[in-house]
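A short worksheet on the structure shown next.
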Amino acid sequence: MVPEMSILGRFSGRRLKPARIVFDERGLSVLRGDALRWRVPLEDIASVSLRRGRRLFGLFSFGRWLVAESRGGKFYLEPTLEYKKDDLERLVARICQFIP
């Protein structure tokens, strides 16, 4: 059994609901409010990592991305600007423990 771990993003002054990343026995999911943005079933997760975003004009970083790759080769991306870095790193480490 996979213990659930979720982290909630934060928005300051935006009308959008914050995104939540959830890892549980169903896999890795990203939700905004009650709407599912994307989900990778646990048995389909090939890898999960945090990757640096591109830089604008070589100066301004777009931050990092949570990248999940499925066994079918499909990539799922979530910008990480709204999440705490430590929470993301703990989440990625937890997911890597349970990748079959």
Side-chain angles (χ1 to χ4, degrees):
M1 183 171 163
V2 177
E4 181 178 321
M5 181 175 183
S6 70
I7 56 175
L8 180 64
R10 58 194 185 283
F11 275 112
S12 58
R14 294 192 192 178
R15 292 178 182 238
L16 291 174
K17 293 184 179 181
R20 178 180 297 277
I21 300 174
V22 179
F23 176 65
D24 58 17
E25 69 277 349
R26 291 182 295 182
L28 179 62
S29 309
V30 175
L31 303 107
R32 185 157 316 269
D34 292 333
L36 178 68
R37 291 178 61 178
W38 56 264
R39 175 179 288 142
V40 185
L42 181 60
E43 63 275 4
D44 288 346
I45 298 174
S47 68
V48 175
S49 61
L50 290 172
R51 297 191 189 167
R52 275 227 172 281
R54 294 186 202 164
R55 291 185 172 269
L56 182 63
F57 306 117
L59 299 173
F60 306 105
S61 174
F62 284 148
R64 297 188 309 168
W65 293 81
L66 174 68
V67 179
E69 183 180 3
S70 73
R71 296 197 184 279
K74 192 170 181 182
F75 282 92
Y76 299 86
L77 306 169
E78 174 67 16
T80 65
L81 296 174
E82 63 185 77
Y83 303 98
K84 291 181 182 175
K85 181 181 172 187
D86 293 343
D87 291 345
L88 283 167
E89 290 172 351
R90 278 196 299 276
L91 178 71
V92 169
R94 168 77 59 87
I95 294 168
C96 289
Q97 291 176 347
F98 288 97
I99 293 177

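Given the structure is predicted, the values throughout are model-derived calculations rather than measurements. Count residues from 1 along the sequence.
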*Is Leu77 linked to Tyr83 within one hydrophobic cluster, defined over Ile, Leu, Val, Met, Phe, Trp and Tyr using a side-chain heavy-atom separation of less than 4.5 Å?*
no

In terms of heavy-atom contacts, Pro18 and Gly9 come closest through CB-O, 3.1 Å

Look only at the side chain of Glu78 and the backbone of Val30, and say whether a donor-acceptor pair between them is shorter than 3.5 Å.
no

Any side-chain heavy-atom pair from Leu50 and Val67 closer than 4.5 angstrom?
no

hydrophobic_cluster_shared for Ile7 and Leu42, side chain cutoff 4.5 Å:
yes

Note: Val92 and Ser49 closest approach over all heavy atoms is CG1-CA, 4.3 Å

Would you sort out whether Arg20 and Ser6 count as a side-chain hydrogen bond (donor to acceptor under 3.5 Å, both in side chains), showing the intermediate values? CA-CA 7 Å; Arg20 178 180 297 277; Ser6 70; 3.3 Å; yes

Legend entry - Path from Trp38 to Met5 over hydrophobic side-chain contacts below 4.5 Å: yes

- Query: Applying the 4.5 Å side-chain criterion to the ILVMFWY set and letting contacts propagate, would Leu31 and Leu28 be lumped into a single cluster?
  - Reply: no

* To do: Give the intermediate values and the outcome of salt bridge (Lys or Arg N to Asp or Glu O under 4.0 Å) for residues Lys84 and Asp86.
  => CA-CA 6 Å; Lys84 291 181 182 175; Asp86 293 343; over 6 Å; no

Heavy-atom closest pair (Arg37 atom, Ala19 atom, distance to 0.1 Å) is NH1-CB, 4.2 Å

Self-check item: Residue pair Leu88 / Ile21, side-chain heavy-atom distance below 4.5 Å
Solution: yes

Are any of the side-chain heavy atoms of Glu4 and Val22 separated by less than 4.5 Å? yes

Query raised in the report: Does some side-chain heavy atom of Ser29 sit less than 4.5 Å from a side-chain heavy atom of Tyr76?
Result: no

Exercise. Side-chain contact test, heavy atoms from C-beta onward, threshold under 4.5 Å: evaluate it for Ile99 versus Ile95 and give yes or no.
Key: yes

Under 4.5 Å between side-chain heavy atoms, hopping through other hydrophobics if needed: is there a path connecting Ile45 to Phe75? no

